[in-house]
**Student:** 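Below: one structure in structure tokens.
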Amino acid sequence: MSTVEPPSAKCKSAVSQSLSEVRAAVQQRQQNGGVFTDARLVAVSKYKPASAILAAYDAGQRHFGENYVQELCDKAAMLPSDIEWHFIGRLQSNKCKALAAIPNLWAVETVESAEKAHKLNDAWRSAHNKRPLNVFVQVNTSGEANKGGVEPHQVEDVVRNILDSCSALHLQGLMTIGSIAGSHQRPNPDFCTLAELRNELKRKVGVELELSMGMSDDFEHALELGATNVRVGSKIFGTRPQKETIATATATS
């Protein structure tokens, strides 16, 4: 395993402070909304160097989210093995094998079809991992053509397929990204749709599902509407650099 360059004192202080503020906001919104289950904070580290992730890790953070398979593979190979990685980018069938090779991959949050669920199931089983892989079914709650996800009326079929035919997967919950327009509305219609789907599936299928919804700009509102998993990046790590200007990580062998 490569050795990660330690974070600078400035980076460590900034990330620790930001992380503390986000955690406090998560706790406050849960209490104000009457939700007392502990929501999971996923620190989205896309384009961020391994040293910044290590700064958050040293502050106690364990769940991290990445959007790109190769970036996730590279970072997982050089960072502590008790990090619990979430893949939150568009899932491609030909990338399932690479994802399954990451033993501390905690969840894939972007399963959007029964076909991709089966590909991931087969890859995870073939990798001989010792536990089921947590998955979220991504739902296109806004109906936007450029958004990934299952249409709401198709969610039940995908959920039943995973439960019945994908023994290497554990259905953790539902996920949505939602629309920009919806993020300015209160209550957010995309979050409401996801919560309604969760309740409907509980009635029809008898399964308890989490809700992964809310990012840096709206995670507090998402928590008020029942989110159990929020994905926060810029509020913890600061504004992301452009993809073409970032080096994956600073490391030496």
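Because the structure is predicted, anything quoted here is derived from the model rather than measured.
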**Student:** Any side-chain heavy atom of Glu200 sitting closer than 4.5 Å to one from Glu196?
**Tutor:**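 Heavy-atom side-chain distance check fails, nothing below 4.5 Å.
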
**Student:** If we ignore hydrogens and angles and just use 3.5 Å, is the side chain of Ser20 paired with the main-chain N or O of Ser16 as donor and acceptor?
**Tutor:**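 It does not hold such a pair.
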
**Student:** Give the minimum heavy-atom separation between Trp124 and Ala168, together with the two atoms involved.
**Tutor:**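 Minimum heavy-atom contact is CD1-O, 3.5 Å.
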
**Student:** Do the side chains of Val4 and Ile102 join up, straight or via other hydrophobic residues, at under 4.5 Å, putting them in one cluster?
**Tutor:**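 Yes: a chain of side-chain contacts under 4.5 Å links Val4 to Ile102.
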
**Student:** Could you state the interatomic distance from OG1 (Thr239) to OH (Tyr47), rounded to the nearest 0.5 Å?
**Tutor:**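 Nearest 0.5 Å value for the OG1-OH distance: 14.0 Å.
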
**Student:** Sequence neighbours left out, what passes side chain to side chain donor-acceptor pair (under 3.5 Å) with Asp217? Give chain and number order.
**Tutor:**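 In terms of side chain to side chain donor-acceptor pair (under 3.5 Å), with neighbours along the sequence ignored, Asp217 is linked to no residue.
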
**Student:** Whether the side chain of Asn104 engages the backbone of Asp82 through a donor-acceptor N/O pair (distance < 3.5 Å, no angle test) should be reported.
**Tutor:**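 Side chain of Asn104 to backbone of Asp82: no pair is present.
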
**Student:** Do Val42 and Phe64 make a side-chain contact, defined as non-hydrogen atoms from C-beta onward lying under 4.5 Å apart?
**Tutor:**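 Of all side-chain heavy-atom pairs linking Phe64 with Val42, none is under 4.5 Å.
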
**Student:** Is there a side-chain contact between Glu71 and Ser45 (heavy atoms, below 4.5 Å)?
**Tutor:**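 No, their side chains stay 4.5 Å or more apart.
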
**Student:** For a quick check under 3.5 Å, do Thr141 and Thr176 share a side-chain donor-acceptor pair by atom type?
**Tutor:**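 Checked: Thr141/Thr176 side chains pair up, N/O donor to acceptor below 3.5 Å.
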
**Student:** Between Ala39 and Val26, which heavy-atom pair has the shortest distance, and what is it?
**Tutor:**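 So the minimum-distance heavy-atom pair works out to CB-CG1, 4.2 Å.
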
**Student:** Using side-chain contact (heavy atoms from CB on, under 4.5 Å), reason through Val232 and Val44 one step at a time and then give a plain yes or no.
**Tutor:** CA-CA 6 Å; Val232 180; Val44 178; 5.9 Å; no

**Student:** Can you tell me if Asn129 uses its side chain to pair, donor with acceptor, with the backbone of Pro103 under 3.5 Å?
**Tutor:**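 The answer is no, because no donor-acceptor pair under 3.5 Å joins these two groups.
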
**Student:** Indicate yes or no for a side-chain donor-acceptor contact from Ser13 to the backbone of Ala9 under 3.5 Å, with no hydrogens or angles considered.
**Tutor:**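 Not at all, since once roles are kept as given, no pair shorter than 3.5 Å links the two residues.
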
**Student:** Determine the minimum heavy-atom distance between Ala100 and Ala123, stating which atoms define it.
**Tutor:**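 That would be CB-O, 3.4 Å.
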
**Student:** Stepwise, does the side-chain contact (heavy atoms from CB on, under 4.5 Å) test hold for Leu105 with His86?
**Tutor:** CA-CA 6 Å; Leu105 180 66; His86 294 232; over 6 Å; no

**Student:** If you count the non-hydrogen atoms of other residues, nucleotides and ligands that lie under 6.0 Å from NZ in Lys116, is the total more than 12?
**Tutor:**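 Atom NZ in Lys116 is crowded, with more than 12 foreign heavy atoms closer than 6.0 Å.
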
**Student:** Residues in side chain to side chain donor-acceptor pair (under 3.5 Å) with Lys147, at least two apart?
**Tutor:**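 Here the qualifying residues are Glu144.
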
**Student:** To the nearest 0.5 Å, what is the distance between CD on Gln92 and CG on Leu99?
**Tutor:**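 Here the interatomic distance stands at 10.0 Å.
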
**Student:** For Gly89, is there any backbone N or O sitting under 3.5 Å from a side-chain donor or acceptor partner on Thr110?
**Tutor:**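 Side chain of Thr110 to backbone of Gly89: a pair is present.
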
**Student:** Flag the pair Lys12 / Asp58 as yes when at least one side-chain heavy-atom distance between them is below 4.5 Å, and no otherwise.
**Tutor:**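 Yes; the side chains approach each other to less than 4.5 Å.
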
**Student:** Going by atom types alone, do Arg125 and Ser167 pair a side-chain donor with an acceptor below 3.5 Å?
**Tutor:**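 Side chains of Arg125 and Ser167: pair found under 3.5 Å.
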
**Student:** Judged by modelled atom types alone, do Gln172 and His170 share a side-chain donor-acceptor pair under 3.5 Å?
**Tutor:**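 Side-chain D/A pair, Gln172 to His170: present.
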
**Student:** Under a single-linkage definition using a 4.5 Å side-chain heavy-atom cutoff for Ile, Leu, Val, Met, Phe, Trp and Tyr, are Val139 and Val158 assigned to the same hydrophobic cluster?
**Tutor:**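 Yes, same cluster.
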
**Student:** Using atom types as modelled and distance alone, determine if a side-chain donor or acceptor of Asp157 lies under 3.5 Å from a backbone N or O of Gln154.
**Tutor:**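 Pair absent, no side-chain N/O of Asp157 close to backbone of Gln154.
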
**Student:** Checking the side chain of Arg29 only, and the main-chain atoms of His221 only, is there a donor and an acceptor separated by less than 3.5 Å?
**Tutor:**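 Here the side-chain-to-backbone pair does not exist.
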
**Student:** Establish whether Val108 and Val155 are linked, either directly or via other cluster members, by ILVMFWY side-chain heavy-atom contacts under 4.5 Å.
**Tutor:**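 As far as the 4.5 Å side-chain criterion goes, Val155 and Val108 are connected within one cluster.
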
**Student:** Got a second to check how far Glu224's CD is from Asp218's CG, nearest 0.5 Å?
**Tutor:**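 Going from CD on Glu224 over to CG on Asp218, the span is 11.0 Å.
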
**Student:** Does Lys75 use its side chain to pair, donor to acceptor, with the backbone of Lys48 at less than 3.5 Å?
**Tutor:**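 Yes: the side chain of Lys75 pairs with the backbone of Lys48.
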
**Student:** So Asn229 and His63, side-chain hydrogen bond (donor to acceptor under 3.5 Å, both in side chains) or not? Walk me through it.
**Tutor:** CA-CA 10 Å; Asn229 190 87; His63 288 268; over 6 Å; no

**Student:** Apply the test side-chain contact (heavy atoms from CB on, under 4.5 Å) to residues Asn140 and Ser142: give CA-CA distance (whole Å), side-chain angles for both, the deciding distance (0.1 Å), then the verdict.
**Tutor:** CA-CA 6 Å; Asn140 187 346; Ser142 61; 3.4 Å; yes

**Student:** Of all heavy-atom pairs between Ser216 and Gly233, which one has the smallest distance, and what is that distance?
**Tutor:**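 Nearest heavy atoms, Ser216 then Gly233: OG-N, 3.2 Å.
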
**Student:** More than 12 heavy atoms of other residues, nucleotides or ligands under 6.0 Å from NZ of Lys235: is that the case?
**Tutor:**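 More than 12 within 6.0 Å, yes.
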
**Student:** Might you work through the side-chain hydrogen bond (donor to acceptor under 3.5 Å, both in side chains) test for Asp190 and Gln185, ending with a clear yes or no?
**Tutor:** CA-CA 10 Å; Asp190 295 304; Gln185 299 178 46; over 6 Å; no

**Student:** Please report the closest heavy-atom contact between Ala222 and Phe191, naming both atoms and the distance.
**Tutor:**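 Minimum heavy-atom contact is CB-CE1, 3.6 Å.
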
**Student:** Would you check, one step at a time, whether the test side-chain hydrogen bond (donor to acceptor under 3.5 Å, both in side chains) holds for Ser212 with Glu109?
**Tutor:** CA-CA 8 Å; Ser212 177; Glu109 296 202 21; 2.6 Å; yes

**Student:** For the hydrophobic clusters of this structure (ILVMFWY residues joined by side-chain heavy atoms under 4.5 Å, transitively), does one cluster hold both Leu223 and Leu41?
**Tutor:**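 Both belong to a single hydrophobic cluster.
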
**Student:** For the residue pair Asn67 and Leu72, establish whether any side-chain heavy-atom pair is separated by less than 4.5 Å.
**Tutor:**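 Side-chain contact under 4.5 Å: no.
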
**Student:** Supply the atom-to-atom distance Ile88 CD1 to Tyr68 OH, rounded to the nearest 0.5 angstrom.
**Tutor:**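 Taking CD1 in Ile88 and OH in Tyr68, the distance rounds to 10.0 Å.
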
**Student:** Does the ring of Phe219 carry Arg231 above it, NZ/CZ under 6.0 angstrom from centre and within 45° of its axis?
**Tutor:**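 Output no; distance or angle outside limits.
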
**Student:** Find out whether Ser113 and Val150 are in side-chain contact, i.e. whether some heavy atom of one side chain is under 4.5 Å from a heavy atom of the other.
**Tutor:**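 No, their side chains stay 4.5 Å or more apart.
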
**Student:** Would you say Tyr57 and Pro80 make side-chain contact, with heavy atoms under 4.5 Å?
**Tutor:**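 Tyr57 vs Pro80: side chains touch.
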
**Student:** Of Met213, Gln138, Glu210, Glu112, which meets side chain to side chain contact (heavy atoms under 4.5 Å, CB included) against Met175?
**Tutor:**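 In the set Met213, Gln138, Glu210, Glu112, the residue that makes a side chain to side chain contact (heavy atoms under 4.5 Å, CB included) with Met175 is Gln138.
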
**Student:** Is it the case that atom CD in Glu115 sees more than 12 heavy atoms from other parts of the structure closer than 6.0 Å?
**Tutor:**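 Count not over threshold, so no.
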
**Student:** Answer yes or no: is there a side-chain heavy-atom contact under 4.5 Å between Trp85 and Leu79?
**Tutor:**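 In short, these two side chains touch, coming nearer than 4.5 Å.
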
**Student:** Can you tell me how far apart SG (Cys96) and CG (Leu91) are? Round to the nearest 0.5 Å.
**Tutor:**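 Separation between the atoms: 4.5 Å.
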
**Student:** Quick one: pull up CG in Leu174 and CG in Leu209 and give me the separation to the nearest 0.5 Å.
**Tutor:**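 That separation rounds to 5.0 Å.
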
**Student:** What pair of heavy atoms forms the shortest contact from Ser165 to Asn121, and how long is it?
**Tutor:**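 Nearest heavy atoms, Ser165 then Asn121: O-ND2, 4.1 Å.
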
**Student:** Can you list the steps and then say if Arg198 with Thr193 is a side-chain contact (heavy atoms from CB on, under 4.5 Å)?
**Tutor:** CA-CA 9 Å; Arg198 187 266 316 272; Thr193 296; over 6 Å; no

**Student:** With a 4.5 Å cut-off on side-chain heavy-atom distances among I, L, V, M, F, W and Y, is there a chain of contacts connecting Ile162 to Trp106?
**Tutor:**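 Ile162 and Trp106: separate clusters.
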
